Amino acid sequence: MAADKLRQEIVRVLQGMGVDDAGTIGLDRPRNPEHGDFASNVAMTLSKRLGRPPRQIAEEIVQRIDRGAAGVSDAEVAGPGFINFRLVQDYLHQGLAEILGRDAGYGRSEAGQGQPVNIEFVSANPTGPLHIGHGRQAALGDAVAELMAWSGWKVHREFYYNDAGEQIMRLARSVWARYQQELGNDVPFPEDGYHGDYVREIAREIVAEHGDRFRGDEGDEAVDAMRQFAVARLRAEQNRDLDDFRVRFDEFFLESSLYTSGQVEETIRRLRETGLTYEHEGALWLRTTEFGDDKDRVMVKGTGHPTYFLPDVAYHLSKWERGYHRAINVQGADHHGTVARVRAGVQALGLPAGYPEYVLHQMVLVMRGGQEVKFSKRAGGYVTLRDLFEEAGVDVTRYFFLMRRPESQLTFDLDLALEQSDRNPVYKVQYAHARMSSIFRRAGVTAAEIRAGDADLALLASPAESELVKLLLRFPEEVASSAEGHAPHGICAYLEEVAGAVNSWYHAGNLDPQLRVVGVPEELSRARLVLSRAVQIVLRNGLTTLGISAPERMDREESDT
RNA sequence: GCGCCAGUAGCUCAGCUGGAUAGAGCAACGGCCUUCUAAGCCGUAGGUCAUAGGUUCGAGUCCUAUCUGGCGCGCCA
């Protein structure tokens, strides 16, 4: 990559000036194009150390630099001591050829070296349909996973759920009550029960399957049958929702397995061995404050039952021991309270500080006509993920969930989501992609037939074209930084920038036919087709990292008016 | 009371982990369709980066305090 070559040359120059350990050389892309393609601030950061004014140091670097070795055509001192570099034009042409050559692989890197990373997300308990918060998490987790995969990590998508706890019992009691009511048995509905209509649906299905076998039966066996039926039924529904939302998992990890396999007991034993546990008022505590938690935590209650903390620790220990020395948990910000204690728990067992990593996302509001949408018919208290993507479409829903940084509250504007216009950023990006296909159809070529080697890329000489190529060449860095920062919204912003730039370039041809791709002299047309194809590859690859389709053609739905 | 997250244009949000004159989309205003699909483009206007200090060559970005909003602080799950 161009930056690496340049950085190496700067290091060489600095060594010649007696600086052997300059650290990482600051090299960034100025927003102002007049400041060149890259700018370095080394002269300023070294000023104090060398006891010389920054501009003087910058001058010396500029004089010593070997432009050919650095891959730049120009280097100059500017402002308080920046050095601005301009890349050789040839670099852009090689870059274009590389994009077409790598095609679906353009933007991938080997940074992760194939090491395993565990990405846990959604992790909904099977007590009801998935809601929009799960949806944001599904979109986020899947995109982070895909971006990590693009960065060379071996990604394992994991869904953790509690199939045996107190919430499940609440569900079972709720279903039991509805079942009795279906049979005309007037029993009270549990105070803390699940009120959604889906509970009645499940009760009816049990009636259909088992008849009145459990009528009036308050025994464990009856409630357990309800529990098993309801869990299986809701797990199947959640899987269907995720499937239709195009999110797949490699593993569903059951909390109950931590008990049946003895891992919970094993975790207690190992924690005791550390000497960091103590008994107080009949409970077993762990000194999590040793690792930065603000208070110690109970592991085993006075009743002899473990708290939730314990299986959490056992679970994350299991991730580590299954070989995932990197783990990312995507969770709602309302769970942030567990972060410090889980980390403290696994640190007590010798795992590194900062394991696992967290992406904590804020809540989602759905707005329609300026009003918050609060209820779905079936779920009762909340809007379901399915309601949302069936109305807005999977692509739009995923994109909207991803386009804001996780830490900011998300307002899902349903009116905007349904709009098929440039106001809707998903369509803007997808349409730019489809538009390239349209050009190819018009030119009578297929995408695969376009080859950089067949064209004279020096014909792409306008500033708009150079800037567009530079933008496309940024894509691999965008993928890398979005992956490392666990921040898919960066890709959204980037894609919108590319779409804007290519629309602008394309529309110049409206006013001036000589600027078109098709209908200009053949040599020129071939060069512009290469650029068009490169744009299309970047848009498609970017959408792919987000789990969003890149259509070849978009037909607008006719409106009623 | 303590902790986490946020506060940037009228609205929704970016801001590359400290760089040069703070950006984009929408909304507003003015232009552009016998079109390589106008689902678009060009131009204009819009800012005390919540507030007050501090750190340094340089702060929207880092530190401290304050204000506002959201969330979390159990031997709940």
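These numbers were taken from a predicted model, which means no experiment stands behind them. By convention in this document, chain letters (A, B, ...) are assigned in the order of the sequence lines, proteins followed by strands, and residues within each chain are numbered from 1.
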Open item on the list: Syn if the chi torsion is within 90° of 0, anti otherwise; quick check, which is U17(B)?
Closed with: syn
Open item on the list: Would Arg235(A) and Phe159(A) count as a cation-pi pair here, with the cationic atom under 6.0 angstrom from the ring centre and within 45° of the axis?
Closed with: yes
TODO: Report yes or no: is the ring centroid of His335(A) under 5.5 Å from the six-membered base ring centroid of G72(B), with the two planes under 30 degrees?
DONE: no
- [ ] Both distances under 3.5 Å, Watson-Crick or G-U wobble: report the partner of G18(B), or none.
- [x] none
Task: Who pairs with U56(B) - Watson-Crick or G-U, where each distance is under 3.5 Å - done: none
Task: Rounded P spacing from C49(B) to G43(B) in Å - done: 27 Å
Open item on the list: Taking only the P atom of each, what is the distance from A77(B) to G18(B) in whole angstrom?
Closed with: 42 Å
Task: Complement of A50(B), any strand, by Watson-Crick or G-U distances under 3.5 angstrom - done: U66(B)
- [ ] Once you apply the 3.5 Å cut-off to both distances, tell me the Watson-Crick or G-U wobble partner of C2(B), or none.
- [x] G72(B)
Open item on the list: Can you work out whether Val517(A) or Gly485(A) has the more 5'-proximal nearest nucleotide on RNA chain B?
Closed with: Gly485(A)
- [ ] Check each of Leu472(A), Val530(A), Ile439(A) against Val535(A) using the side-chain contact (heavy atoms from CB on, under 4.5 Å) test, and report the only one that passes.
- [x] Leu472(A)
Open item on the list: Please determine whether a side-chain nitrogen or oxygen atom of Lys48(A) lies at a distance below 4.0 Å from atom OP1 or OP2 of G58(B).
Closed with: no
- [ ] Send over the distance from Arg297(A) CZ to C76(B) P, rounded to a whole Å.
- [x] 13 Å
Task: Any strand: nucleotide that pairs with U44(B) via Watson-Crick or wobble, under 3.5 Å - done: A28(B)
Open item on the list: With a 4.0 Å cutoff (strictly under), does any side-chain N or O of Lys295(A) reach OP1 or OP2 of G74(B)?
Closed with: yes
Open item on the list: My understanding is that a pair needs two contacts under 3.5 Å, Watson-Crick or G-U wobble. By that rule, which nucleotide pairs with U34(B)?
Closed with: none
Open item on the list: Which label fits Tyr315(A) and Tyr160(A): parallel for a plane angle under 30°, tilted from 30 to 60°, or perpendicular past 60°?
Closed with: parallel
Open item on the list: Using 30° and 60° as the class boundaries, would you call the ring planes of Tyr161(A) and Phe252(A) parallel, tilted or perpendicular?
Closed with: perpendicular
Open item on the list: Suppose you measure atom P in C16(B) against the same atom in G69(B); what distance do you get, rounded to whole Å?
Closed with: 28 Å
- [ ] Check whether the side chain of Asp294(A) and the base of G3(B) form a donor-acceptor pair under 3.5 Å.
- [x] no
Open item on the list: Assuming nearest nucleotide by heavy-atom distance, tell me which of Leu360(A) and Asn424(A) is located more 5' along RNA chain B.
Closed with: Leu360(A)
Open item on the list: Ring centres within less than 5.5 Å and planes less than 30° apart: is that true of Tyr427(A) and A39(B) in this structure?
Closed with: no
- [ ] Please work out if Leu416(A) contacts a base, only the sugar-phosphate, or nothing of the nucleic acid, heavy-atom cut-off 4.0 Å.
- [x] nothing
Open item on the list: Could you tell me how far A50(B) sits from G31(B) if I compare only their P atoms? Round to whole Å.
Closed with: 37 Å
- [ ] Give a yes or no on this: more than 12 heavy atoms of other residues, nucleotides or ligands lie within 6.0 Å of atom CD of Glu449(A).
- [x] yes
TODO: Could you state the atom-to-atom distance from CG of Leu515(A) to P of C41(B) in whole Å?
DONE: 16 Å
- [ ] Would you state whether a donor and an acceptor, one from the side chain of Asp192(A) and one from the base of A77(B), lie under 3.5 Å apart?
- [x] no
Open item on the list: Check this one for me: any side-chain N or O of Arg441(A) less than 4.0 Å away from OP1 or OP2 of U37(B)?
Closed with: no
TODO: Determine the interatomic distance between P on G70(B) and the same-named atom on G54(B); round to the nearest Å.
DONE: 32 Å
- [ ] Look at all strands and tell whether His361(A) reaches a base, only sugar-phosphate, or nothing, counting heavy atoms closer than 4.0 Å.
- [x] nothing
Task: Within 6.0 angstrom of Glu372(A) CD, more than 12 heavy atoms from elsewhere - done: yes
TODO: May I ask you to evaluate whether Thr338(A) reaches the phosphate of C4(B), defined as a side-chain N or O under 4.0 Å from OP1 or OP2?
DONE: no
- [ ] For A9(B) versus C67(B), give the span between their P atoms, rounded off to a whole number of Å.
- [x] 22 Å
- [ ] Name the orientation class of the two ring planes belonging to Phe400(A) and Phe412(A) (parallel below 30°, tilted from 30 to 60°, perpendicular beyond 60°).
- [x] tilted
